[in-house]
A.B. asks: 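Here it is, the structure, as structure tokens.
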Amino acid sequence: MLNKKNTFSALALAAVMFLGACGGSGGSAASSDSAPASGKEYIVGLDATYAPFEYEENGQVVGFSADVLKAIAENQGLNLKLVNTPWEGIFATLDKGDRDIISSSVTITDERKNVMDFTDPYFEATQMIVTGEKGAAIQSFNDLKSRTVSVQSGTTGDLVMQKLQGEQSAMIKRFETMPLAMKELLNGGVEAAVGDNGVVQNFVNNNPDAKLRTLVDNGFEKEYYGFALRKGRDDDLMAKLNAGLAAIKANGTYDQIYAKWFNTAPAAAEAAPAPAEAAPASAASAQ
């Protein structure tokens with residue numbers, strides 16, 4: 001259910017983001033429409049494998065990010081169509097114009113801002129380590145330097161592990177989705193997994209018998225999710241999304257959505273950060 005953060009050269013990251021090997025500009029048939037609105041229909045791409053932020057339920061894309069975006073759309077009179085889109089290749093669909101908005105727990109980073117625009121942040125996150133019995137001795141992020149670790153390919157968790165172990169490390173096992181990375185941990189194929197705290201904690205909560213242990217290293221920096229748009233081409237849409245986000249935070253709708261998905265009130269820090277402060281390039285990054 002959440003959002004977050006990483007270090008890549010701008011050139012390398014751009015290449016990764018626009019690679020369409022696994023998903024291309026397609027996507028599954030599962031979709032979810034916002035409340036009726038007039039005007040242009042905006043197509044929103046989401047990788048619906050990232051509960052509780054965006055995932056499929058009864059053929060519809062649901063989750064925290066989806067609810068926030070729908071509330072913004074209702075406030076601003078926007079007509080949205082949410083379409084499940086594989087993470088690998090999701091940014092290529094934006095660049096090609098197949099998607100107008102990417103709402104997939106995307107961490108705002110300086111590298112990504114070179115090739116796409118971001119709304120104001122709508123969620124604060126951090127990286128989380130999760131271990132099972134094989135990782136009982138792991139007490140910090142540095143302890144992962146010589147351990148096998150599963151991550152979702154191309155996410156912030158992948159990037160922070162590359163920074164620690166090296167880009168070519170054979171001990172980093174990459175998977176198409178975070179649930180698959182977590183299943184590798186459950187099956188004993190790795191000693192730990194690393195991912196956005198919201199998604200990892202959701203998985204742990206839903207698998208109590210696995211007796212998984214989580215920890216957040218003090219060195220992990222805060223990450224912020226934003227909705228991504230085409231670079232320099234959607235200023236009017238950007239203004240409406242930001243205005244709608246500000247409005248639902250002011251009228252209490254955002255807090256209600258947050259409580260629905262996380263059973264708590266949002267931290268004060270999540271409500272206010274500016275995009276420029278959102279995600280240092282040296283930090284880890286959510287999806």
A.B. asks: For side chain to side chain contact (heavy atoms under 4.5 Å, CB included), just list the numbers for Glu176 and Ser153, CA-CA rounded to whole Å, side-chain angles, deciding distance to a tenth of an Å, and then say yes or no.
C.D. replies: CA-CA 6 Å; Glu176 185 176 354; Ser153 180; over 6 Å; no

A.B. asks: Under a single-linkage definition using a 4.5 Å side-chain heavy-atom cutoff for Ile, Leu, Val, Met, Phe, Trp and Tyr, are Phe262 and Val62 assigned to the same hydrophobic cluster?
C.D. replies: yes

A.B. asks: Would you call Lys240-Asp234 a salt bridge at under 4.0 Å N-O?
C.D. replies: no

A.B. asks: Would Phe175 end up clustered with Val190 when hydrophobic side chains under 4.5 Å apart are linked, directly or stepwise?
C.D. replies: no

A.B. asks: Verify, without hydrogens or angle tests, whether Thr126 (side chain) and Lys222 (backbone) share a donor-acceptor contact under 3.5 angstrom.
C.D. replies: no

A.B. asks: Is there a donor-acceptor contact under 3.5 Å from the side chain of Asn187 to the main chain of Gly189?
C.D. replies: no

A.B. asks: So, do Asn142 and Leu164 sit near enough that their side-chain heavy atoms are less than 4.5 Å apart?
C.D. replies: yes

A.B. asks: By the rule that ILVMFWY residues connect when side-chain heavy atoms come within less than 4.5 angstrom, directly or transitively, which residues belong alongside Met171?
C.D. replies: none

A.B. asks: Where do Ser103 and Leu69 come nearest, in terms of heavy atoms and distance?
C.D. replies: CB-CD2, 3.8 Å

A.B. asks: Side chains of Thr49 and Met178, heavy atoms from C-beta outward: is any pair under 4.5 Å?
C.D. replies: no

A.B. asks: Checking Thr253 against Asn251: is there a side-chain donor and acceptor pair closer than 3.5 Å?
C.D. replies: yes

A.B. asks: State plainly whether one hydrophobic cluster holds both Ile138 and Val204, where clusters connect Ile, Leu, Val, Met, Phe, Trp and Tyr through side-chain heavy atoms under 4.5 angstrom apart.
C.D. replies: yes

A.B. asks: If you measure from CG on Leu46 to CD1 on Ile90, what distance do you get to the nearest 0.5 Å?
C.D. replies: 6.5 Å

A.B. asks: Please round to the nearest 0.5 Å and tell me the distance separating atom CG of Asp196 and atom CD of Gln152.
C.D. replies: 8.5 Å

A.B. asks: List the atom of Val130, the atom of Leu212, and the distance in Å for their closest heavy-atom pair.
C.D. replies: CG2-CB, 3.8 Å

A.B. asks: Taking the side chain as everything from C-beta on, heavy atoms only, tell me whether Ser105 gets closer than 4.5 Å to Val199.
C.D. replies: no

A.B. asks: Closer than 3.5 angstrom, by distance alone: can the side chain of Arg112 be matched with the main-chain N or O of Val106 as a donor-acceptor pair?
C.D. replies: no

A.B. asks: Would Lys81 and Glu41 count as a salt bridge (Lys or Arg N to Asp or Glu O under 4.0 Å) if you check the C-alpha gap in whole Å, the side-chain angles of each, and the deciding distance to 0.1 Å?
C.D. replies: CA-CA 7 Å; Lys81 185 177 183 65; Glu41 180 180 69; 5.3 Å; no

A.B. asks: Say you draw a straight line from CD of Gln76 to CD1 of Ile72; how long is it, rounded to the nearest 0.5 Å?
C.D. replies: 8.5 Å

A.B. asks: To the closest 0.5 Å, what do you measure between CG (Leu237) and CD1 (Ile101)?
C.D. replies: 4.5 Å

A.B. asks: Do the side chains of Lys70 and Leu82 get nearer than 4.5 Å, heavy atoms only?
C.D. replies: yes

A.B. asks: Check for a donor-acceptor pair, side chain of Asn75 on one end and backbone N or O of Ala71 on the other, with a separation under 3.5 Å.
C.D. replies: no

A.B. asks: Are Phe118 and Phe227 close enough that their ring centres sit under 6.0 Å apart?
C.D. replies: no

A.B. asks: Compare all side-chain heavy atoms of Lys40 with those of Asn79 and state whether any distance is below 4.5 angstrom.
C.D. replies: no

A.B. asks: Has Tyr254 got a side-chain atom pairing as donor or acceptor with Tyr122's backbone, closer than 3.5 angstrom?
C.D. replies: yes

A.B. asks: Determine whether Val115 and Leu94 fall in the same hydrophobic cluster, where Ile, Leu, Val, Met, Phe, Trp and Tyr are linked whenever their side-chain heavy atoms lie under 4.5 Å apart.
C.D. replies: yes

A.B. asks: Looking at Met116 and Phe91, what are the two nearest heavy atoms and their distance?
C.D. replies: CE-CD2, 3.3 Å

A.B. asks: State whether the side chain of Gln165 and the backbone N or O of Arg147 hold a donor-acceptor pair below 3.5 Å, judged by distance alone.
C.D. replies: yes

A.B. asks: Out of curiosity, Ile257 CD1 to Lys249 NZ, how far, rounded to the nearest 0.5 Å?
C.D. replies: 11.5 Å

A.B. asks: Contact between Asn205 and Gln201 at the side-chain level, heavy atoms closer than 4.5 Å - yes or no?
C.D. replies: yes

A.B. asks: Tell me every residue that passes salt bridge (charged side-chain N to carboxylate O under 4.0 Å, His left out) with Asp117, counting only those two or more places apart in sequence or in another chain.
C.D. replies: Lys231

A.B. asks: Locate the shortest heavy-atom distance separating Leu80 from Ala73; write the atom from each residue and the value.
C.D. replies: CD1-CB, 3.5 Å

A.B. asks: If we only count heavy atoms from C-beta on, is the Val194 to Thr155 side-chain gap below 4.5 Å?
C.D. replies: no

A.B. asks: Which heavy atom in Lys134 sits nearest to a heavy atom in Gly188, and how many Å separate them?
C.D. replies: NZ-O, 2.8 Å

A.B. asks: Checking Glu56 side chain against Val61 main chain: does a donor-acceptor pair fall under 3.5 Å?
C.D. replies: no

A.B. asks: Pick from Val216, Asp143, Leu144: which one makes a side-chain contact (heavy atoms from CB on, under 4.5 Å) with Ile129?
C.D. replies: Leu144

A.B. asks: Flag yes if Leu185 and Leu215 sit in one hydrophobic cluster, no otherwise; membership is Ile, Leu, Val, Met, Phe, Trp, Tyr, and two members link when side-chain heavy atoms are under 4.5 Å apart.
C.D. replies: yes

A.B. asks: Check salt bridge (charged side-chain N to carboxylate O under 4.0 Å, His left out) between Lys260 and all other residues, then give those that pass, not counting sequence neighbours.
C.D. replies: Asp67

A.B. asks: For Arg174, which residues count as a salt bridge (charged side-chain N to carboxylate O under 4.0 Å, His left out) partner, sequence neighbours excluded?
C.D. replies: Asp158

A.B. asks: Can you name the salt bridge (charged side-chain N to carboxylate O under 4.0 Å, His left out) partners of Asp217, sequence neighbours left out?
C.D. replies: none

A.B. asks: Does Asp235 reach the side chain of Leu229, with side-chain heavy atoms less than 4.5 Å apart?
C.D. replies: no

A.B. asks: Give the intermediate values and the outcome of salt bridge (Lys or Arg N to Asp or Glu O under 4.0 Å) for residues Arg230 and Asp100.
C.D. replies: CA-CA 7 Å; Arg230 285 180 289 268; Asp100 300 296; 3.1 Å; yes

A.B. asks: Would you say the side-chain atoms of Thr85 pair up with the backbone N or O of Val83, donor to acceptor, closer than 3.5 Å?
C.D. replies: yes

A.B. asks: Are Tyr55 and Tyr50 close enough that their ring centers fall under 6.0 Å?
C.D. replies: no

A.B. asks: Give me the atom names and distance for the closest heavy-atom approach of Ser104 to Glu54.
C.D. replies: C-OE2, 3.2 Å

A.B. asks: Can you tell me how far the CE atom of Met161 sits from the OG atom of Ser169, to the nearest 0.5 Å?
C.D. replies: 7.0 Å

A.B. asks: With sequence neighbours left out, which residue pairs that include part of residues 202-211 fulfil the salt bridge (Lys or Arg N to Asp or Glu O under 4.0 Å) condition?
C.D. replies: none

A.B. asks: If you apply the rule side chain to side chain contact (heavy atoms under 4.5 Å, CB included), what do you find for Ile172 with Thr148, and how did you get there?
C.D. replies: CA-CA 6 Å; Ile172 303 173; Thr148 53; over 6 Å; no

